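Written out below as structure tokens is the structure these notes cover.
Because the structure is a prediction, the values reported are computed rather than measured. For this chain, numbers begin at 1 and follow the sequence in order.
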Amino acid sequence: MTVQVRPATVADAEAITEIHLVSRAVTMPYLPRLHSDEETLAWITHVVLPSSQVWVAVDDRVLGYAVLEGDLLEGLYLLPEVRRRGIGTALLHHVRDVAPVLRLNVFQRNHEAIAFYRAHGFELTGSSDGSGNEENEPDATYSWRATA
């Protein structure tokens with residue numbers, strides 16, 4: 001599978017929304033569904049895309065996306081059926097080329113994501129009881145710094 005990583009555009013909003021919704025439903029079924037599909041699309045279109053750096057991984061369709069706000073990796077999501085094929089790694093490497101220091105928050109129950117980030121050099125730097133996120137789900141903060 002040949003995958004290209006490129007900046008996202010507004011034309012990608014529907015694909016990004018679908019990836020966001022299906023990935024969360026499949027990989028984190030314990031999360032409450034707090035927003036409708038339409039609200040999620042509006043958030044991606046009018047908040048995420050204009051205010052963040054967003055990249056998509058594509059072949060003949062959008063397979064995944066990554067969102068960076070400053071040094072915070074706000075999200076990295078893939079279609080469930082393309083996981084474990086290097087696409088998440090390609091997106092993460094692209095983000096790391098742009099930001100020499102990164103941090104991210106991940107739900108503590110998301111063991112697969114934690115393993116992915118730890119395998120890519122992220123270290124645990126904090127945790128919370130979930131009172132700071134809308135899902136009220138305990139989370140952890142991981143950080144990464146490029147080496148000289």
Side-chain angles (χ1 to χ4, degrees), residues 1 3-8 12-37 39-58 61-147:
M1 176 181 293
V3 174
Q4 174 192 11
V5 176
R6 63 163 173 77
D12 298 313
E14 286 187 21
I16 291 169
T17 300
E18 177 64 23
I19 292 165
H20 184 84
L21 294 170
V22 72
S23 179
R24 286 174 64 103
V26 170
T27 63
M28 297 175 282
Y30 49 84
L31 291 179
R33 180 80 189 268
L34 301 174
H35 304 284
S36 70
D37 293 5
E39 290 169 329
T40 303
L41 176 59
W43 171 67
I44 295 287
T45 304
H46 302 294
V47 177
V48 174
L49 286 169
S51 66
S52 307
Q53 294 181 74
V54 184
W55 297 274
V56 290
V58 298
R61 63 185 172 136
V62 178
L63 304 172
Y65 75 95
V67 177
L68 182 65
E69 287 186 15
D71 69 348
L72 183 64
L73 181 59
E74 278 286 345
L76 194 159
Y77 290 90
L78 304 176
L79 289 170
E81 67 268 22
V82 301
R83 294 173 62 220
R84 299 190 193 329
R85 296 187 190 175
I87 298 164
T89 298
L91 280 164
L92 183 59
H93 286 176
H94 188 83
V95 172
R96 290 192 334 187
D97 286 346
V98 173
V101 175
L102 287 174
R103 61 190 170 86
L104 60 89
N105 296 307
V106 60
F107 297 117
Q108 291 179 23
R109 287 201 274 177
N110 194 346
H111 303 292
E112 290 185 34
I114 290 169
F116 172 80
Y117 291 118
R118 290 189 68 185
H120 286 89
F122 283 76
E123 296 180 359
L124 179 66
T125 54
S127 62
S128 86
D129 63 2
S131 59
N133 63 60
E134 68 180 344
E135 295 87 354
N136 293 310
E137 182 71 27
D139 58 10
T141 302
Y142 282 81
S143 299
W144 171 86
R145 181 177 302 273
T147 56

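Glu123 CD to Tyr142 OH: the interatomic distance, rounded to the nearest 0.5 Å, is 10.5 Å. Atoms CG and NE2, from Leu41 and His46 in turn, are 7.0 Å apart once rounded to the nearest 0.5 Å. Distance check, rounded to the nearest 0.5 Å: CG of Asp12 to OG1 of Thr45 gives 10.5 Å.
Counted within 6.0 Å of CD on Glu39, heavy atoms from surrounding residues, nucleotides or ligands total more than 12; the atom is thus considered enclosed. With a 6.0 Å radius and a threshold of 12 heavy atoms from other residues, nucleotides or ligands, Arg83 has its CZ atom above the threshold. When the shell of 6.0 Å around CD of Glu14 is examined, it contains 12 or fewer heavy atoms from other residues, nucleotides or ligands.
With hydrogens and angles disregarded, a donor-acceptor distance shorter than 3.5 Å links the side chain of Arg33 to the backbone of His35. Judged purely by atom type and a 3.5 angstrom limit, Glu74 has no side-chain atom pairing as donor or acceptor with the backbone of Leu68. Counting only distance, with no hydrogens or angles, the side chain of Thr125 and the backbone of Thr141 share a donor-acceptor pair below 3.5 Å.
Between Arg103 and Ser143, the closest side-chain pair of non-hydrogen atoms falls below 4.5 Å. When side chains are defined from C-beta on, Glu112 counts as touching Arg84, because their heavy atoms get closer than 4.5 Å. For the pair Ile44/Leu49, a side-chain contact is recorded, criterion being any heavy-atom separation below 4.5 Å from C-beta on. Using a 4.5 Å heavy-atom cutoff, the side chains of Val82 and Arg61 are in contact. At a threshold of 4.5 Å between non-hydrogen side-chain atoms, the residues Thr17 and Tyr65 do not count as touching.
Side-chain contact of Asn105 with Asn133: a donor-acceptor pair under 3.5 Å is absent, judged by distance alone.
For the ring-ring contact (aromatic ring centres under 6.0 Å, His included) criterion with His120, the lone passing option out of Phe122, Tyr117, Phe116 is Phe116. The side-chain contact (heavy atoms from CB on, under 4.5 Å) test with Val5 is passed by exactly one of Val58, Leu91, Asp97: Leu91.
Legend: residues meeting ring pair (Phe, Tyr, Trp, His ring centres under 6.0 Å) with His20, ordered by chain and number and at least two apart, are Trp43, Tyr77.
The existence of a salt bridge linking Arg24 and Glu137 is excluded, since no basic side-chain nitrogen approaches an acidic carboxylate oxygen closer than 4.0 Å.
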Practice problem: Could you please spell out the steps behind the side-chain contact (heavy atoms from CB on, under 4.5 Å) verdict for Leu73 and Leu92? | Solution: CA-CA 9 Å; Leu73 181 59; Leu92 183 59; 4.1 Å; yes
